[in-house]
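I have placed the structure first, in the form of structure tokens, so that the comments after it can refer back to it.
To find a chain, count down the sequence lines: A is the first, B the second, and so on, and within it residues start at 1.
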There are 2 protein chains.
Amino acid sequence: MGIELKIQPLRYVLAVWEEGSFHGAARQLHRSQPALSMAIRDLEERLGQPLFEKSLKGQLTPFGEYCLPRFRELIRQHDRLARDLQHVAHGQQGRVTLATVPSVASRLMPGFLAAFIAEYPDININLHDENAEFVCRMVANGEVDLGISSVWAQDEHLSYTHLFEDNIGVVLHRDHRLANRDSLQWHELEKERFIANGTSRLLKNTAAASLVDNNDFYISNMISLLAMLEAGSGITTLPRLAFPVDNRKLCFVPLSEPKLVRQIGIIKPANRSLSPSAQALERVILKRLTGVTGWPA
Amino acid sequence: MGIELKIQPLRYVLAVWEEGSFHGAARQLHRSQPALSMAIRDLEERLGQPLFEKSLKGQLTPFGEYCLPRFRELIRQHDRLARDLQHVAHGQQGRVTLATVPSVASRLMPGFLAAFIAEYPDININLHDENAEFVCRMVANGEVDLGISSVWAQDEHLSYTHLFEDNIGVVLHRDHRLANRDSLQWHELEKERFIANGTSRLLKNTAAASLVDNNDFYISNMISLLAMLEAGSGITTLPRLAFPVDNRKLCFVPLSEPKLVRQIGIIKPANRSLSPSAQALERVILKRLTGVTGWPA
DNA sequence: AATAGACCATAAGCATAGCTTATCAAAAGT
DNA sequence: ACTTTTGATAAGCTATGCTTATGGTCTATT
């Protein structure tokens with residue numbers, strides 16, 4: 001192999017040429033003059049040719065003139081790379097892809113992302129909304145950097161950072177006989193027409209499993225589901241976060257005894273680390289949830 | 001300013017990735033494993049982000065994957081530059097421009113250049129032929145790297161390396177009454193019709209000055225000059241090297257008492273050094289003139 | 001399970017690269 | 001002739017970059 005050029009001596013050569021003297025360059029670079037003399041002499045020996053004339057000091061040899069623009073170019077490329085990597089490493093540049101369950105995407109992410117782009121304006125964001133199972137799968141497959149979801153299943157390859165608990169409750173028409181209660185128990189719903197939805201799987205293997213086990217209604221689309229409920233055609237369960245805040249015809253009554261919650265947290269790959277920009281997003285989310293604001297609106 | 005990347009640790013990262021392990025890379029690079037560990041840890045700290053996963057060793061982090069191709073690119077550019085500069089420094093690549101007097105260009109340069117391109121096939125050559133004065137001017141102005149000529153005038157900015165002496169003699173027709181002499185003296189030519197040429201200025205300020213001072217013939221073009229002489233229309237003087245070896249109608253008779261010579265040598269700029277390729281050409285010329293061959297044919 | 005082997009991290013020690021200050025010699029300005 | 005400015009050189013210090021030795025962890029093997 002050939003020789004190994006170090007970046008620093010190349011800078012020295014450049015500075016000497018610009019300043020026209022070793023002393024001037026040394027002053028500019030906050031180095032002593034012998035430092036430059038020695039570094040440049042070493043470089044000249046490595047190359048096998050002097051770069052500066054021995055008589056008219058500060059003047060380049062023809063070989064030096066050949067080298068100078070090439071030195072400048074390598075330095076330029078080095079500096080560009082160093083700056084770029086710094087930016088990326090500090091999460092000031094790059095791309096985050098994340099997947100969340102729809103309720104988080106519509107209720108929490110707008111706030112999170114507003115805060116995020118305020119702090120990191122040059123990061124591109126890619127947000128998918130999927131059900132909890134799919135969110136976990138996408139994280140596990142590396143299709144997204146991170147997810148916000150309830151834990152779907154214990155998975156070796158996923159790590160879970162808890163954010164908050166989301167109460168599960170009954171959604172029913174305001175005119176319903178149970179609508180004004182502070183809380184409800186499962187057995188009070190046995191006679192109601194239950195419409196299952198995508199979040200109903202949260203009831204499986206719980207005390208309330210019977211609600212969803214034997215029924216014929218299932219509506220995955222949230223708009224359709226709400227329309228059914230608004231028409232008074234039945235009741236359903238939803239996590240509180242999934243219940244639209246501004247709905248006038250429906251109300252949300254928490255269930256109790258046993259109280260049922262879904263755990264919402266950040267899903268990350270267990271064995272890989274996050275990209276710097278994903279780390280930045282995670283920091284922003286954690287700060288907003290554990291900071292002064294406390295519980296999200 | 002940002003950080004300063006060194007080339008070597010980047011190579012380490014690349015090798016670890018290629019080998020899939022620190023140990024393997026260390027073996028390949030003839031370094032100990034801790035050397036890599038420490039160098040890479042240092043790099044990671046400078047960047048502010050780990051490049052390799054802390055759990056699955058030898059695996060890149062997303063940030064590492066971002067960095068890897070960029071590292072490779074910088075290394076590639078570094079190596080290309082290093083190789084290029086090595087070539088140029090050792091005169092194995094580049095361009096030489098030189099100027100010589102016509103006699104040297106036609107009689108000596110073919111041999112010199114043949115030897116030169118055999119040894120340095122990748123150097124471009126640029127050969128000008130001009131009179132001695134102009135050769136010196138071109139060297140002084142930096143229009144050419146070096147010249148081969150007689151010294152025209154003492155010049156601060158030029159350095160002269162002597163190569164050989166070139167006898168000046170009379171050129172006349174074979175049928176001329178003086179044609180068979182071993183040597184001639186100036187006064188024997190007084191009655192002859194003298195045709196001056198570009199080299200006649202060599203006679204100025206010598207014992208033979210009178211020959212050129214009062215005459216009406218001057219022919220600068222060598223072909224025309226020789227045609228005149230072959231027609232028996234006069235005589236001239238030439239340095240021996242300028243006299244065509246294979247001419248059948250003319251002959252060359254050296255002048256003596258005082259013997260007159262021109263000094264031929266290499267003209268270089270005094271204060272600038274030569275480009276590496278020009279140095280290489282100079283070496284070849286000196287070797288051929290001082291080597292076994294001795295006097296040129 | 002226990003053990004051996006492979007891997008990476010850490011610690012201690014050493015050579016040298018890269019800088020400093022001090023001094024010298026040469027050239028340029030006064 | 002003298003002062004100033006410049007680059008080279010010498011001696012010395014510190015940090016870098018390596019080494020060997022050792023310890024901890026994970027995986028594969030028995």
Look at the side chain of [X] and decide which nucleotide, out of [options], has an atom nearest to it.
X        : options                  : result
Ala35(A) : dG7(D), dC8(C), dT20(C)  : dT20(C)
Ser32(A) : dT20(C), dT19(D), dC7(C) : dT20(C)
Pro34(B) : dC19(C), dA11(C), dA8(D) : dA11(C)
Gln8(B)  : dC18(D), dC8(C), dT10(C) : dC18(D)
Ser21(B) : dC7(C), dT6(D), dC19(C)  : dC7(C)
Gln33(B) : dA11(C), dC8(C), dG7(D)  : dC8(C)

Show your working on side chain to side chain contact (heavy atoms under 4.5 Å, CB included) between Leu274(B) and Glu282(B) and close with a plain yes or no.
-> CA-CA 9 Å; Leu274(B) 293 178; Glu282(B) 188 190 20; 3.5 Å; yes

Checking Tyr160(B) side chain against Ile264(B) main chain: does a donor-acceptor pair fall under 3.5 Å?
-> yes

Is a side-chain N or O of Arg31(A) found less than 3.5 angstrom from the main chain of Leu29(A), in a donor-acceptor match?
-> yes

Within the structure shown, what part of the strands sits under 4.0 Å from Tyr12(A) by heavy-atom distance: base, sugar-phosphate, or nothing?
-> sugar-phosphate

Between Met38(A) and Ser37(B), which is nearer to the 5' end of DNA chain C once each is assigned its nearest nucleotide?
->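 First, find each residue's nearest nucleotide; the 5'-ward one identifies Ser37(B).
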
Rounded to whole angstroms, how far apart are [atom1] on [X] and [atom2] on [N]?
X        : N       : atom1 : atom2 : answer
Arg31(A) : dA15(D) : CZ    : P     : 14 Å
Leu10(B) : dG17(D) : CG    : P     : 12 Å
Glu53(A) : dA27(C) : CD    : C1'   : 16 Å
Arg41(A) : dA17(C) : CZ    : P     : 13 Å
Leu36(A) : dA8(D)  : CG    : C1'   : 13 Å
Leu51(B) : dC8(C)  : CG    : C1'   : 16 Å
Arg11(B) : dG17(D) : CZ    : P     : 15 Å
Arg46(B) : dG17(D) : CZ    : P     : 7 Å

Would you call Arg41(B) and Glu44(B) a salt bridge, taking side-chain N to carboxylate O under 4.0 Å as the test?
->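 Looking at Glu44(B) together with Arg41(B), the answer is no, because their closest N to O distance does not fall below 4.0 Å.
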
Indicate whether OP1 or OP2 belonging to dG7(D) is found under 4.0 Å from a side-chain N or O atom of Lys54(A).
-> no

Would you say Lys6(A) reaches dG18(C)'s phosphate, i.e. side-chain N/O to OP1/OP2 under 4.0 Å?
-> yes

Would you please test Phe22(A) and Tyr12(A) for ring pair (Phe, Tyr, Trp, His ring centres under 6.0 Å) and show each step?
-> CA-CA 9 Å; Phe22(A) 281 57; Tyr12(A) 289 177; 9.9 Å; no

